[in-house]
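Worksheet: the structure to be examined is printed underneath.
Letters A, B, ... mirror the listed sequences (proteins, then strands); counts begin at 1.
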2 protein chains.
Amino acid sequence: MVTIYDIAKKANVSPMTVSRVINNSPSISEKTRKKVEDIIQELDYIPNKQARSLISKETKLVSLVISDISNPFFTNIARGAEDKALQAGYQLLLGNSDEQTVKESRYIDLLLSTKVDGVLIAPTGDPSLANLRKLAKRRVPFVFVDRYVEGIAADLVMGDNAETTRKLVAHLVEKGHRKIALINGPSTASNARERLLAFTDALTLNGLDLIPELLIETHFLQDNFSEIVRTLMSLSPSGRPTAILAANNFIGVNTLRALREMNLQVPDEIAVACFDDPEPIPDYNPFLTVAAQPAYDMGYIGMQMLIERIEGTAPATNRKVVLPSQLIVRKSTQRS
Amino acid sequence: MVTIYDIAKKANVSPMTVSRVINNSPSISEKTRKKVEDIIQELDYIPNKQARSLISKETKLVSLVISDISNPFFTNIARGAEDKALQAGYQLLLGNSDEQTVKESRYIDLLLSTKVDGVLIAPTGDPSLANLRKLAKRRVPFVFVDRYVEGIAADLVMGDNAETTRKLVAHLVEKGHRKIALINGPSTASNARERLLAFTDALTLNGLDLIPELLIETHFLQDNFSEIVRTLMSLSPSGRPTAILAANNFIGVNTLRALREMNLQVPDEIAVACFDDPEPIPDYNPFLTVAAQPAYDMGYIGMQMLIERIEGTAPATNRKVVLPSQLIVRKSTQRS
DNA sequence: CTGTTAGCGCTTTCAT
DNA sequence: ATGAAAGCGCTAACAG
């Protein structure tokens, strides 16, 4: 391996001079700089970040901790985050938690040892608090994306859950639905809590009754959706929902699948809408009505805030960026 | 920051003893081990990987360099790669090349400086050779996924392009098509080359003429697909294709979009099929007929081979793993 | 403008 | 079973 010592020897200067050239120090004569740079070229020298980090205490590594990169919502967050990171000279470490706090915890331990400069995280839910405290204790800056955790402060970029829920409910009501079921994420997740709250508000606002049987709490990633949907549709004809609102794209798609298994026609027999677009390439074969959140922007803005925190250019108070979603009405709520 | 010196002092042992405890060295008395471990717990000590890497020459960092994480094909590769990496104690750095060799090159330079232990890469095409040589020169192991580059050897995991192409063409022929257009990727990419070769073979095999106007070479990511499709469909009625085969999901979806702009009905006026599924969650609203490659497995197996190379447990000769694809016939090729 | 010294946190090598 | 010394590749702090 070529080190600054090899360069120094060949150039008849001290290693420190080589270090200065690498770091574009101004106090280097043009002549020496040229000489050293030529030899760097010749020997194809690349600085060793490990050694540099040991002194500088920065690694130029950041991490994105999300539920599952396979979900187009998180995919786009990742793409936005990577773009911003690279642009600022940071590299992105990817971690999937699969909504499991334990997996998230193991990953955070790794990050702590790797000494990443910061973490952009969509926490699994309130139990993530312990994991985030670990970061805080070691003074590793982190920023929330999509969800936050009570009891620990950080910059936050998320969708406007209240407004988005209102829009979705309003759309369904406008289509004539008066019995709308909500298949929600776990109440330990801030976005699920906010969506539930907004949902009940929206019902009231539209003069609809709140029917407890139609409020389902489940998980964003793993559950027996067939059974959940079957139970909903087995309610007495007068109590059965005519529309289902799913709290994320994964639930939405699985609801669709469950209904297909039951041979129920969407949208004729039941309407379905959800948060987040399951389409990675939007608008190619639209079916599901969705409220699409600007995932790419969330990742990009979140990473931007994180880097500002890392580099100390962020304001002292924590920022909260709330991004609007876009209602995209498609076939799944358009009765023929 | 807590270091082994802090632990050592508090435990009345030498830093070396602490190091031995951390690394599970057998030559430590149970008593000392317990004492040290307790203090590690108490002070919440986490080993510094940077310092360790400086000596051990390994970072437990690997990188995945792909075209674009937003493409579900690559998303699934990433997920497979991350699962395997984490399982083996490695962390994954993500890099998007956007099919640009220059961007890929910049990223490789970063990786070289970060001293990753290995790289799993879907090279942009033959011009990537210089980038790969940089890795080889520094003895950074790499493995090809999806595509390879002539002139440099490495383990490889890819789809069976020949067989997949044959299946797709056979399906279209069976549906009665005799004029099939191929909208292919750039000939600098190995998969595009193999697909073109297999395509012309398949035509011959099925007794169809090879019509040069129906063989389009474009890019996997950026191009004016509207114009390409428009040109194809503007051919004389006798020369116009009745089916289009797209060389990846992105081209497939954009072809669909272009046809919609032109108010041409798929599949009634023209059939479309493509390589790779654009659906992240398969089978939720099937439309496009595709040959789905096992992307998750590609990522997983590729990472596995990479780790074996890194750890020296791989065989001396380079391995080539060719995975079969699955033809999924959907509406876009089923005339009503 | 350039060089010397010391040390980042850890492990290898040799002692004891 | 444990420790002392040296050094991985680099840079901060000082000196000249």
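Between R20(A) atom CZ and dC1(C) atom P there is a gap of 11 Å when expressed in whole angstrom units. The interatomic distance linking I40(B) (CD1) with dC10(C) (P) rounds to 10 Å, in whole Å. Whole-Å rounding puts the M16(A) CE to dG7(C) P distance at 16 Å. The distance between atom CD1 of I4(A) and atom C1' of dT4(C), rounded to the nearest whole Å, is 13 Å. Here the C1' atom of nucleotide dC1(C) and the CD atom of E30(A) are 12 Å apart, to the nearest Å. Atom CE of M1(B) and atom P of dG7(C) are 18 Å apart (whole Å).
The salt bridge (charged side-chain N to carboxylate O under 4.0 Å, His left out) search around R133(A) returns none, not counting sequence neighbours. Scanning for salt bridge (charged side-chain N to carboxylate O under 4.0 Å, His left out) contacts around R79(A) gives D83(A), D68(B), D98(B), with sequence neighbours left out. Qualifying salt bridge (charged side-chain N to carboxylate O under 4.0 Å, His left out) partners for K57(B), counting only residues two or more places apart in sequence or in other chains: none.
Residues S190(A) and E150(A) bring no donor and acceptor atom of their side chains to less than 3.5 Å of each other. A donor-acceptor contact closer than 3.5 angstrom links the side chains of T124(A) and T101(A). A donor atom on one side chain and an acceptor atom on the other are found under 3.5 Å apart for K134(A) and S105(A).
A heavy-atom distance below 4.0 Å to DNA chain D is reached by none of the residues of residues 106-117 of chain B. For DNA chain D, none of the residues of residues 6-15 of chain A falls under the heavy-atom distance limit of 4.0 Å.
Between dC10(C), dC8(C), dT13(C), one nucleotide has an atom nearer to the side chain of K57(A) than all others, and that is dC8(C). Of all nucleotides listed (dG7(C), dC10(C), dC1(C)), dG7(C) comes nearest to the side chain of I55(A).
Comparing T17(B) and A51(B) by the nucleotide of DNA chain D that holds the closest heavy atom to each, the one mapping nearer the 5' end is T17(B).
Salt bridge R52(A)/E58(A): absent, no basic N to carboxylate O contact under 4.0 Å. Under a 4.0 Å N-O distance rule, the pair R147(A)/E99(A) qualifies as a salt bridge. Salt bridge status for D155(A) with K320(A): absent, with no side-chain N to carboxylate O gap under 4.0 Å.
Formation of a donor-acceptor pair under 3.5 Å by the T59(B) side chain with backbone atoms of K115(B) is found in this model.
Running 5' to 3' along DNA chain D, contacts with non-hydrogen atoms of chain B at under 4.0 Å begin and end at dA1(D) to dG9(D).
The shortest heavy-atom contact between V140(A) and G118(A) is CG1-CA, 4.0 Å.
Proximity of R52(B) to the phosphate of dC10(C): no side-chain N or O atom is located under 4.0 Å from OP1 or OP2. Using a 4.0 Å cut-off, some side-chain N or O of T32(A) falls inside it from OP1 or OP2 of dT2(C). The phosphate of dC10(C) has neither OP1 nor OP2 within less than 4.0 Å of any side-chain N or O from S19(B).
Heavy atoms of S27(B) sit under 4.0 angstrom from at least one base atom.
Taking the six-membered ring for Trp and thresholds of 30 and 60 degrees, F144(B) and Y148(B) have ring planes more than 60 degrees apart, a perpendicular arrangement.
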